[in-house]
There are 2 protein chains.
Amino acid sequence: MLKLSRLTDYAAVVMAQIARYPEQAHAATELAEAVQLPHPTVSKTLKMLVRAGLLESRRGSLGGYRLARPATLITASDIIGAIEGPVAMTECSHADGDCDLVATCGVADNWQRVSLAIRTLLDSVTLAHLAQESPLKLPVQLPIQSVTLASRAEI
Amino acid sequence: MLKLSRLTDYAAVVMAQIARYPEQAHAATELAEAVQLPHPTVSKTLKMLVRAGLLESRRGSLGGYRLARPATLITASDIIGAIEGPVAMTECSHADGDCDLVATCGVADNWQRVSLAIRTLLDSVTLAHLAQESPLKLPVQLPIQSVTLASRAEI
DNA sequence: TCTATTGAGGACCATTTTAGTCCCCTATCG
DNA sequence: CGATAGGGGACTAAAATGGTCCTCAATAGA
Ligand code: SF4
Ligand code: SF4
C-alpha cells in the first residue's frame with residue numbers, strides 16, 4: 001500500500017494540532033486529549049519529533065512542546081523522516097542501502113529516480129499546508145512533467 | 001521510510017526482466033535464475049502478478065509467463081497494487097479506510113491529496129520506463145505545481 | 001528549599017506483517 | 001502416458017509495529 005506507519009500519521013496529526021496555536025506550549029496530556037489518542041503513544045511520538053529537531057520541549061510546570069521552526073519550514077518529509085527514517089522506496093535508494101541485486105536487477109536506477117520524485121513532492125508539502133483546515137484547495141496539483149522515452153517502440 | 005515491501009521490489013525486477021523479451025514465455029525457474037532470487041519466492045510473486053492481471057501464464061512444457069499487455073501500459077501503481085494493494089498513504093485515503101480520528105484530526109483531507117498526488121506520479125511511470133537499461137535520463141521530473149496558501153501568515 | 005508538574009529515556013511485551021518454504025493438484029505438450 | 005510447467009494455499013520463522021510502563025531529570029512557583 002505504500003502506507004505511512006500509524007505512528008507517522010499520529011505525528012502529523014499532533015504536529016498539525018500544535019501548528020494551529022504555535023505561540024503556546026502544549027503538554028503531552030493536552031495534545032493526547034485533543035487528538036483522542038492514548039497519552040503514552042502521543043508522548044512517544046512527541047519525543048521522536050523532538051529528537052528529530054522538529055519540536056522543542058520544555059520541562060516542568062508550564063512546560064510542553066512547541067514548534068522548533070515555523071510551520072512553513074517543516075515539511076512532510078521531515079515528519080515522515082522523524083518517525084520512520086528518510087523517505088526511500090527501495091533498499092538501494094538511500095545512503096547505506098545495500099542490496100545484493102544491484103548488479104543484476106536492471107531497475108535500481110529508475111526506482112531511485114521515482115523515489116527522488118516522491119521525496120521532492122513530500123518536500124514541497126509543509127506542515128502549514130497539512131494543518132490548514134479549509135479542505136477544498138487542492139494543495140498539491142500535478143501534472144508531473146511527463147517523460148520522453150527515447151526508444152519506446154523498441155521496448 | 002515509506003518503503004516498498006521487498007516482494008514488491010522483486011515483482012518490479014521480474015516484470016522488468018520479462019518486459020525486456022516480451023515475445024517469449026518465461027518460466028519461473030528461468031526468471032529466478034536471471035534475477036538471482038530463490039525460485040519459490042519468485043514463483044509466489046509471479047502468481048500474484050497473474051492474479052492482478054498483469055501477467056498471463058501458460059502451463060505445461062513450453063509454458064511460462066508473459067505480459068498481459070504492453071509494457072507501456074503497465075504502471076508502477078499496477079505493480080505495487082498487485083502486491084501490496086492500492087497505493088494509499090493513510091488509512092483514510094483508500095476506499096474502506098475507517099479511521100476513528102477522521103473527525104478530530106484536521107489533516108485527513110490534505111493527506112488524501114498528497115496520497116493522490118503520489119498515486120498519480122506512480123501512474124505516470126510505466127514498466128517500460130523501469131525496464132529501460134539506459135540510466136541517466138531523469139524519468140520523472142518535477143516541478144509540482146506549488147500551492148497557494150491563502151493565509152500563510154495567520155498560521 | 002520543597003513539591004507539583006512535565007518531559008526524557010529506555011525497557012518491555014503483544015500483535016501483526018512480511019518473507020520464505022513446501023506440498024499437492026492441474027494443465028499442456030509431445 | 002510422462003515430463004514439464006503453473007495454481008492454490010497452508011505453514012513457519014523472523015522482523016517490524018504499536019503500545020505500555022517505569023524511573024530519572026528539569027523547571028516553576030509556593
Ligand atoms: S531496485 Fe534493484 S537494487 Fe534497488 S533494491 Fe530493488 S532490487 Fe535491490
Ligand atoms: S489522516 Fe486523520 S483520518 Fe486519515 S488516517 Fe490519519 S488520522 Fe485517520
Side-chain angles (χ1 to χ4, degrees), chain A residues 1-14 18 24-33 35-68 80 82-85 88 90-91 99-101, chain B residues 1-14 18 24-33 35-68 80 82-85 88 90-91 99-101:
Chain A
M1 298 216 211
L2 203 67
K3 183 160 43 179
L4 297 178
S5 92
R6 211 187 298 193
L7 281 206
T8 309
D9 195 9
Y10 294 168
V13 171
V14 170
I18 298 179
Q24 63 196 85
H26 303 260
T29 320
E30 174 212 322
L31 288 168
E33 216 160 278
V35 194
Q36 294 286 33
L37 284 173
H39 171 253
T41 302
V42 170
S43 178
K44 185 178 188 177
T45 77
L46 286 167
K47 289 178 207 168
M48 291 196 253
L49 291 165
V50 169
R51 247 176 286 182
L54 303 186
L55 290 179
E56 275 169 1
S57 62
R58 180 105 164 278
R59 301 191 190 181
S61 49
L62 302 191
Y65 298 89
R66 66 186 66 200
L67 299 182
I80 297 174
I83 310 290
E84 9 186 325
T90 59
E91 281 299 325
C99 173
D100 307 336
L101 306 179
Chain B
M1 298 216 215
L2 203 67
K3 184 159 42 176
L4 298 178
S5 93
R6 210 188 298 193
L7 281 207
T8 310
D9 194 8
Y10 295 168
V13 171
V14 170
I18 298 178
Q24 62 196 85
H26 302 261
T29 320
E30 173 212 323
L31 289 169
E33 215 159 277
V35 194
Q36 294 286 32
L37 283 174
H39 171 253
T41 303
V42 171
S43 178
K44 186 179 188 174
T45 76
L46 286 167
K47 287 178 208 172
M48 291 195 254
L49 290 166
V50 169
R51 248 175 286 184
L54 303 186
L55 289 179
E56 276 169 1
S57 62
R58 179 107 163 276
R59 302 192 189 181
S61 48
L62 301 192
Y65 297 88
R66 66 186 66 203
L67 299 183
I80 297 173
I83 310 290
E84 12 187 323
T90 58
E91 282 298 326
C99 172
D100 307 337
L101 306 178

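Here is the naming used below: chain letters follow the sequence lines, and residue numbers restart at 1 for every chain. Hydrogens, waters and symmetry mates play no part in the numbers below; they use all other heavy atoms, side chains included. In this text the structure is predicted, and so the values were computed from the model without any measurement.
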Completion exercise
Output for pair (B:Ile80 CD1, B:Leu4 CG), nearest 0.5 Å, gives 5.0 Å
Handout entry: Bounds of contact between DNA chain D and chain B, in 5' to 3' order, using a heavy-atom cut-off under 4.0 Å
Key = D:dT4 to D:dG9
Exercise for the section: Could you tell me whether the side chain of B:Glu84 and the main chain of B:Thr8 form a donor-acceptor pair under 3.5 Å? Expected result: no
Completion exercise
Readout for nucleotides 10-24 of chain C: B = base within 4.0 Å of protein heavy atom, S = sugar-phosphate only, - = neither; 5' to 3' it is B--------BBB---
Exercise for the section: Measure from the side-chain N and O atoms of B:Gln36 to the backbone N and O of A:Leu101, and report whether any donor-acceptor pair falls under 3.5 Å. Expected result: no
Handout entry: Pair B:Glu91 + A:Lys3, salt bridge at N-O below 4.0 Å
Key = yes
Exercise for the section: Indicate yes or no: at least one non-hydrogen side-chain atom of A:Thr41 is less than 4.5 angstrom from one of A:Leu7. Expected result: yes
Completion exercise
When rounded to the nearest 0.5 Å, the distance separating CG of A:Asp100 from CG of B:Leu37 is 9.0 Å
I'd like a list of close polar pairs between nucleotides 27-30 of chain C and the protein, N/O only, cut-off under 3.5 Å.
unit_1	atom_1	unit_2	atom_2	d
C:dA27	O4'	B:Arg59	NH1	3.1
C:dC29	OP1	B:Arg58	NH2	2.5
C:dC29	O4'	B:Ser61	OG	3.4

Under 3.5 Å, sequence neighbours excluded: what are the donor-acceptor pairs made by side chains of residues 44-66 of chain B?
unit_1	atom_1	unit_2	atom_2	d
B:Thr45	OG1	B:Val42	O	2.9
B:Arg66	NH1	B:Glu23	O	3.3

Problem - side chain to side chain contact (heavy atoms under 4.5 Å, CB included) involving B:Pro40 - partner list, sequence neighbours excluded - result: B:Pro38
Fill in the blank from the handout: Atom CE of A:Met48 and atom P of C:dG7 are separated, to the nearest Å, by 16 Å
Practice task
Under 4.0 Å between any heavy atoms, over every strand shown, what does B:Ala28 touch: base, sugar-phosphate, or nothing? Just pick one.
Solution key: sugar-phosphate
Completion exercise
Nearest heavy-atom approach of A:Ala25 to A:Glu30 is O-OE1, 4.0 Å
Exercise for the section: Map every base of DNA chain C to its dot-bracket character, where paired means a Watson-Crick or G-U wobble contact with both distances under 3.5 Å and | marks a partner outside the strand. Expected result: ||||||||||||||||||||||||||||||
Handout entry: Residues forming a side chain to side chain contact (heavy atoms under 4.5 Å, CB included) with B:Glu33, sequence neighbours excluded
Key = none
